[in-house]
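To start, the structure under review is shown below, and the notes come after it.
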Protein chains: 2
Amino acid sequence: MTTIKDIAKVAGVSVTTVSRALNGYPDVSEKTRQKIIEIAKQLNYSPNTLARSLVMNKSKTIGLLVSGMNHSAIKDNFTFEVLTGINDYIAKTDYDLILFSTNSTKQREKTYSQLCRERRVDGVILQGIKTDDPYLTEVVESDIPCVLIDIPIQSDKVGYVTTDNVLGAKKAVQHLIELGHENIAMMNGHDYAFVSKQRLEGFRQAMEEANVAINDDWIVNGEFSEEVAEKKALELFSKHREITAIFCASDLMALGVVKALKQMGLSVPDDVSVVGYDDILLASYVSPSLTTIAQNRFQMGYEAASMLVEMLEGKEAKVVMLRTQLIVRESTKKNQLLKGRM
Amino acid sequence: MTTIKDIAKVAGVSVTTVSRALNGYPDVSEKTRQKIIEIAKQLNYSPNTLARSLVMNKSKTIGLLVSGMNHSAIKDNFTFEVLTGINDYIAKTDYDLILFSTNSTKQREKTYSQLCRERRVDGVILQGIKTDDPYLTEVVESDIPCVLIDIPIQSDKVGYVTTDNVLGAKKAVQHLIELGHENIAMMNGHDYAFVSKQRLEGFRQAMEEANVAINDDWIVNGEFSEEVAEKKALELFSKHREITAIFCASDLMALGVVKALKQMGLSVPDDVSVVGYDDILLASYVSPSLTTIAQNRFQMGYEAASMLVEMLEGKEAKVVMLRTQLIVRESTKKNQLLKGRM
DNA sequence: TTCTTCCTCCAAAACGTTTCGGATTCTTTC
DNA sequence: GAAAGAATCCGAAACGTTTTGGAGGAAGAA
C-alpha cells in the first residue's frame, strides 16, 4: 500500500510537500504539484483516512444510532425510510456513515459516549430510542454534536427534527369529530415515547376544543404493536360498544384494531371509524384502506443529516418541525348513529 | 480526552504496561493490572480506535456497499431486510458497519478499492449492483475480502450468498403448468442482473421438461419496475390474448402486471394467473394476494455477514445457496380454458 | 549594493496506540 | 551464596498523516 512517503521518495521532495501539494495548499509550485499528482496516480495512492483522522482529530464519519432495526420492523419501515433520507444527504458530502449496531446487550456494555469516542465520530444521529434509554441523558451531557429524531431535547450541541405530533393528532381527531363522532377512543403507543405523549395531547386538545367529553377508560396503550393493539382493542370494544371511532397513534396499531373489530363482527367504517398515524405503505393497500396522518420520514432523515453536517461546520443546533397531512381513505365515515338520531 | 499516557502517568508505569494490562497480556502482575483498570475507569478512558487501527493495520470495520437505497425502494425493501440481517450478525461481533453511500456520481469519482482503502475496511459486503458495474471487476482484482449478495462470482477472497433462482423460477412455472396452463409468458427484470438470467433459465427448464412450447415473444423485460412492467404487460396482453399465465421475476412487477390486466378488464386469476417472485410484504395484502416464490432476505444478509467475519478470521471464501419456497395464494388458478376443453 | 518581501520547500513534532527487544527484580535451585 | 530462570516492567520505534516554524533563494525596493 503506497504512502505519502513513497511518493516523496520518487518525486525527490519531502513528505510535507507531498501532503501540501495533494491538499491544495498554495505554497507549492504548480510544476511540482503536477509532478506529485502524476506520481500519486501512477502509484495508485489513496490516503489513509485513519492516519489523517488521528492527527486532525476529526474522522469525517457520522454515527448512526438506531434502535429498531430488527426483523419485526419490516411492516412499519420507519427506520429504513429515515435511513434512506440520511444516506441521500450524506452521499452529497464527504462524510461516511457508521452504523452502530446496538442490540440490547451491547447497549448495556458500552455507554453512548464510549461508542462515539472509540470510533471518534464527528457527530451522531439518534433514532428510535425510548425516553427512558440511558443513552438519552448521556447525549446531552456529552459534547458530541448530535441530532435526534422525534425526541424534543435541545441544547447547545443537540438539535432535533420531528413532526408536529400535537397538530397531527389534532387533525386526525378533528376529522373524526367533524364526521359526527362523539364517543372517541384512542389507542396510544407507550409511555416511553415522546410522540405518544404529544399525540395524546393533540387528542385532548381536539376533544376539548370541540367540547367532546374525554373518557379516560377509552385511552389504552398498544405498545406500537399490531398484536398488542389487537388484543387491547378486543377488550376495549367488548366492554364499550358505544365507541364509534378510534384514533390510533400508529398505522400498525390501526391494522391490529381493524383486525379486532372484524373478529367481533363489527364493520369498519360502518360501525367504527378508525384513523391511524404514519401513512405506512400498507395503509393504502389494506382493505378498508386507512385514513391516516402522513409524515415524510424520508425528509426527516434528510433534514437530520443536513442539520448535523451544518452543525459540524459551525452552525448552531436547531429544531426542525415538519408538516403532517391528513389523508382520508376508507376507514372513516360519518357517524351512523348520528344519522339515525337526526 | 484521556489517553493511555494519562493513565500511565497517574499509575506511575509506562504506556507499554498500560497497553498490555488493558489488553490482557500475561506479563503484567495482577496487582498493577487492577490498579490500571481502576484508574482507566476513573479517568473515563476509552481507547482511540483510529490509533489502534493505524498501528494494527486492521480497522474492525466492514464496509457495506449497497446500491438501491433510494426513495423508490420502499415498496420492495429488499435492501433493508438484507441490511437488517447483516446488522443482526454484526451486532454479535466486535465489528462495526460503515455504510458507503454510493450515489451514481460519487461512484464514478472514486473506485471501489479507493473507497475501501481510504477507510481501511477489513472486508466488504456488496449488494444490489448490476452485472455491468465497474466495481464488480475491481472486486475480484482487489484482494479485500468480500462477499457478494446474489452475484455468482467467486475467487480466493470473494464468496457469495444467493438463493437457488433457477430452481425457484422452475417451481413457479411448474406450479402454473400443473394448473393446466400452456400459454405462459414471462416478465423478466433486465439483462444486467444475474438473477434475471437465472430465473429465465428456470423458466426454460420447467417449460422444456414439461414439453410446453416457449414463445420468445412472450418474454419481456420489465426492468424490475412496477410501472414499466405495467406498460409492457399492456402491450403484451393486447397483442396476445391467448396467454393465460405469466411468471414475473419480481413481486413488484407482478403488481404492475395485475394492474395492467385489471385495466384491460381481465380478471386475475380467472382469466390470467400471475405468479411473482420475492414474497414482499405487499404480496399477501394486495387483492388478489400474490402467489410467489419466497426468499429469506434477512437470512441472506445474516449469512453474508457471517461468512465475511469468518473469512476475516482466516476461513475460506465459500458459496451459500439458500432455499426458496413456493407460496400459493389467490393470483393463480386452474386454467379455465382447459376446463372448457375437458 | 543591501534590505525586505515573496515564493518554495523542508525537518521535526504530534496524534494515540501496539510491539519488539531488552532490562530489572524476584524466586528458585544447586 | 551464586547462577539460572521466571516474572515484571520499560524505552523506543512504528503506523501514515498534518502542521508549525522556519530556511534558502529569488525578486523587488531603497
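Since the model is a prediction, treat every value here as computed from it, not as a measurement.
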Tightest non-hydrogen contact, residues B:Tyr160 and B:Ile153, listed as CD2-O, 3.4 Å

Would the base of D:dC9 count as contacting B:Asp27 through its side chain, where contact means a donor and an acceptor less than 3.5 Å apart? yes

Roughly, in whole Å, what's the span from CD1 in B:Ile36 to P in D:dT8? 13 Å

Do B:Ser46 and A:Arg117 have side-chain atoms, one donor and one acceptor, less than 3.5 Å apart? yes

Does a side-chain N or O from A:Thr17 land closer than 4.0 Å to OP1 or OP2 of C:dT8, or not? no

Quick test: give all pairs of protein nitrogen or oxygen and nucleotides 11-18 of chain C nitrogen or oxygen below 3.5 Å, distance rounded to 0.1 Å.
{"residue": "C:dA11", "atom": "N7", "partner": "A:Thr16", "partner atom": "OG1", "Å": "3.3"}
{"residue": "C:dA11", "atom": "N6", "partner": "A:Thr16", "partner atom": "OG1", "Å": "2.8"}
{"residue": "C:dA12", "atom": "N6", "partner": "A:Thr16", "partner atom": "OG1", "Å": "3.2"}
{"residue": "C:dT17", "atom": "OP1", "partner": "B:Tyr45", "partner atom": "OH", "Å": "2.9"}
{"residue": "C:dT17", "atom": "OP1", "partner": "B:Asn48", "partner atom": "N", "Å": "3.3"}
{"residue": "C:dT17", "atom": "OP2", "partner": "B:Ile4", "partner atom": "N", "Å": "2.8"}
{"residue": "C:dT17", "atom": "O5'", "partner": "B:Tyr45", "partner atom": "OH", "Å": "3.2"}
{"residue": "C:dT18", "atom": "OP1", "partner": "B:Asn23", "partner atom": "ND2", "Å": "3.1"}
{"residue": "C:dT18", "atom": "OP1", "partner": "B:Arg52", "partner atom": "NE", "Å": "3.1"}
{"residue": "C:dT18", "atom": "OP1", "partner": "B:Arg52", "partner atom": "NH2", "Å": "3.4"}
{"residue": "C:dT18", "atom": "OP2", "partner": "B:Ser19", "partner atom": "OG", "Å": "2.5"}
{"residue": "C:dT18", "atom": "OP2", "partner": "B:Asn23", "partner atom": "ND2", "Å": "3.4"}

List in chain and number order the residues that pass salt bridge (Lys or Arg N to Asp or Glu O under 4.0 Å) with A:Lys60, two or more places apart in sequence or in another chain; answer none if no residue qualifies. A:Asp94

For the residue pair A:Asp150 / A:Thr162, report whether a side-chain donor-acceptor contact shorter than 3.5 Å exists. yes

Is there a donor-acceptor pair closer than 3.5 Å between any side-chain N or O of A:Ser306 and the backbone N or O of A:Tyr302? no

Check every strand shown and say whether A:Thr32 touches a base, only sugar-phosphate, or nothing at a heavy-atom separation below 4.0 Å. sugar-phosphate

Expected list for residues 20-35 of chain B: side-chain donor-acceptor pairs under 3.5 angstrom, two or more places apart:
{"residue": "B:Arg20", "atom": "NE", "partner": "B:Asp27", "partner atom": "OD1", "Å": "3.1"}
{"residue": "B:Arg20", "atom": "NE", "partner": "B:Asp27", "partner atom": "OD2", "Å": "3.2"}
{"residue": "B:Asn23", "atom": "ND2", "partner": "B:Ser19", "partner atom": "O", "Å": "3.0"}
{"residue": "B:Ser29", "atom": "OG", "partner": "B:Thr32", "partner atom": "N", "Å": "3.3"}
{"residue": "B:Ser29", "atom": "OG", "partner": "B:Thr32", "partner atom": "OG1", "Å": "3.0"}
{"residue": "B:Glu30", "atom": "OE1", "partner": "B:Arg33", "partner atom": "NE", "Å": "3.4"}
{"residue": "B:Glu30", "atom": "OE2", "partner": "B:Gln34", "partner atom": "NE2", "Å": "3.2"}
{"residue": "B:Thr32", "atom": "OG1", "partner": "B:Ser29", "partner atom": "O", "Å": "3.0"}
{"residue": "B:Arg33", "atom": "NH1", "partner": "B:Ala21", "partner atom": "O", "Å": "2.8"}
{"residue": "B:Arg33", "atom": "NH2", "partner": "B:Tyr25", "partner atom": "O", "Å": "2.7"}
{"residue": "B:Lys35", "atom": "NZ", "partner": "B:Ala11", "partner atom": "O", "Å": "3.3"}

